[in-house]
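Okay, structure first, notes after.
Excluded from the calculations below are hydrogen atoms, water molecules and symmetry mates; all remaining heavy atoms, backbone and side chain alike, are included.
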Amino acid sequence: MKRKTGQDRSITQNWRPQTQAIRGGTARSEYGETSEALFLTSGYCYDKAGDAAARFAGEQDGMTYSRLQNPTVQMLEERIALLEGAEACRSMATGMAAMTAALLCQLQSGDHLVGGRAAFGSCRWLTDTLLPKFGIATTIVDARDPQAFLDAVRPETKVFFFETPANPTMDIVDLKAVCGIARERGITTVVDNAFATPALQRPMEFGADVIAYSATKMMDGQGRVLAGAVCGTEDFITNTLLPFTRNTGPTLSPFNAWVVLKGLETLDLRIRRQSENAQKVGAFLEARVPRILHPGLASHPQHELAMRQMDACGPIFAFEVEGREQAHGLLDALELVDISNNIGDSRSLMTHPASTTHASVSPDKQAEMGVTEGLLRLNVGLEDVRDVIDDLDRALGKVGL
């Protein structure tokens with residue numbers, strides 16, 4: 001591969017996803033390094049004052065300040081855009097920075113947003129608390145029903161915002177149907193695709209406009225750094241999102257970008273093996289727990305839809321036991337699986353959403369979302385799946401299941 005090949009879309013868009021995940025976006029320096037270079041710099045210098053003026057005027061290509069551009073960060077953005085099938089991408093410091101920027105960059109007082117009821121706790125805080133503070137009305141619907149989006153549309157509706165699969169209840173949204181409703185009415189769809197990543201699901205192929213990520217999750221996938229990303233058209237990224245991020249500064253550090261670049265190299269291998277492991281763990285748990293929410297199992301009410309939209313089930317699912325006491329007892333009995341609120345890690349992790357990731361959500365909204373006191377969310381990792389099942393078997397026995 002030549003020095004600039006990785007940034008030549010006429011070439012890289014023809015590569016298959018696994019190749020894009022390893023080589024896409026790479027721009028080698030004059031030293032010809034094999035791995036992507038890490039540019040730890042806050043600013044840049046110019047040979048002439050006129051060059052600085054031309055760059056700030058947008059008349060000359062080049063870097064100006066690492067709040068706006070950085071060579072390492074730019075490589076990551078191009079790689080994610082390729083994997084997503086998007087024209088452009090901007091990275092963010094965290095997943096929640098990505099969600100916030102993707103919404104606030106295009107909404108203003110008087111606008112209306114329709115959001116899915118099942119969502120990460122902080123995403124529900126955005127829709128229920130933050131947006132109304134700025135005069136942006138929100139309507140929360142059961143996103144499993146496309147008709148609910150249609151019924152909620154107003155003349156001032158600008159955005160549909162939802163996750164699929166949703167955190168933590170694994171609700172599946174019919175991407176083609178909901179995005180079709182939005183397209184017919186000039187509404188922008190913002191989809192949180194963190195649970196699947198572009199390795200398993202590409203919402204733009206179903207008509208989605210903007211895709212937002214916590215790249216902390218499967219993209220890094222090894223519990224090391226925080227990162228986020230927003231993908232969309234060149235027009236949206238450059239003319240709508242960039243002015244917001246340029247002036248508010250949710251900037252991803254070059255080091256974190258470099259770590260995520262390394263994570264993307266193994267994303268396809270990891271997420272597919274973890275999906276296989278999760279399928280086996282889910283099949284084991286299905287016979288042992290009162291209720292399981294696993295899109296890869298035929299018992300999931302939206303199993304067929306999930307498998308039409310996703311290439312595999314993903315590593316994350318949820319199940320229910322009898323209340324908080326039994327849920328906490330099960331967590332405390334684990335020896336291998338970690339108690340942790342993170343997901344997308346190569347390690348198996350389990351959490352009790354009602355007291356962790358969704359603790360900031362009121363009890364009535366938890367009930368609306370389906371987050372019960374007995375709900376547990378499990379991220380199945382890359383360990384030998386037999387050891388994970390053995391650990392769960394032992395812990396379940398200790399709580400009488």
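- Surrounding CD of Gln60 are more than 12 heavy atoms belonging to other residues, nucleotides or ligands, all under 6.0 Å away.
- Gln147 meets the side chain to side chain contact (heavy atoms under 4.5 Å, CB included) test with Asp145, Leu150, Asp151; sequence neighbours excluded.
- To the nearest 0.5 Å, atoms CG (Asn379) and OG1 (Thr351) are separated by 11.0 Å.
- Scanning for salt bridge (Lys or Arg N to Asp or Glu O under 4.0 Å) contacts around Arg273 gives Glu276, with sequence neighbours left out.
- Under a 3.5 Å cut-off, the side chain of Asn277 and the backbone N or O of Gly381 do form a donor-acceptor pair.
- Using a 4.0 Å cut-off between charged side-chain N and carboxylate O, Arg23 and Glu36 make no salt bridge.
- Using the six-membered ring where Trp is involved, Phe160 and Phe149 have ring planes that are tilted, between 30° and 60° apart.
- Side-chain atoms of Gln201 and Asn193 form a donor-acceptor pair, as typed in the model, at a separation below 3.5 Å.
- With sequence neighbours left out, the salt bridge (Lys or Arg N to Asp or Glu O under 4.0 Å) criterion links Arg224 to Asp220.
- In this structure, CE in Met92 is found 8.0 Å from CD in Glu77, a value given to the nearest 0.5 Å.
- Checked by atom type and distance alone, the side chain of Thr5 never pairs as donor or acceptor with a backbone atom of Met1 at under 3.5 Å.
- Using modelled atom types, one side-chain atom of Glu163 and one backbone atom of Asn167 make a donor-acceptor pair closer than 3.5 Å.
- At distances below 3.5 Å, at least one donor-acceptor pair connects side-chain atoms of Thr189 with backbone N or O atoms of Asp209.
- Atom CG of Asp47 has 12 or fewer neighbouring heavy atoms from other residues, nucleotides or ligands inside a 6.0 Å radius.
- Side chains of Lys365 and Ser362: no donor on one and acceptor on the other come within 3.5 Å.
- Checking side-chain atoms of Tyr44 against main-chain N and O of Gln69 turns up a donor-acceptor pair under 3.5 Å.
- Note that CD1 of Ile339 and CE of Met350 are 9.0 Å apart. Values are rounded to the nearest 0.5 Å.
- In this structure, Thr266 contributes its side chain and Leu269 its backbone to no donor-acceptor pair below 3.5 Å.
- Of the possible donor and acceptor atoms, none in the side chain of His294 sits under 3.5 Å from a partner among the backbone N and O of His300.
- Ser346 and Gln222 share no side-chain donor-acceptor pair at under 3.5 Å.
- Without hydrogens or angle criteria, Arg377 side chain to Asn341 main chain gives a donor-acceptor distance under 3.5 Å.
- Applying the 6.0 Å contact sphere to NZ of Lys280 captures no more than 12 heavy atoms from other residues, nucleotides or ligands.
- Crowding of Glu322 atom CD: a count of heavy atoms from other residues, nucleotides or ligands under 6.0 Å not exceeding 12.
- Within a 6.0 Å radius of CD in Glu234, other residues, nucleotides and ligands contribute more than 12 heavy atoms.
- Side-chain atoms of Arg183 come within 3.5 Å of backbone atoms of Gly207 as a donor-acceptor pair (strictly under, hydrogens ignored).
- Of the possible donor and acceptor atoms, one in the side chain of Arg28 sits under 3.5 Å from a partner among the backbone N and O of Glu33.
- Other residues, nucleotides and ligands contribute over 12 non-hydrogen atoms within 6.0 Å of the CG atom of Asn14.
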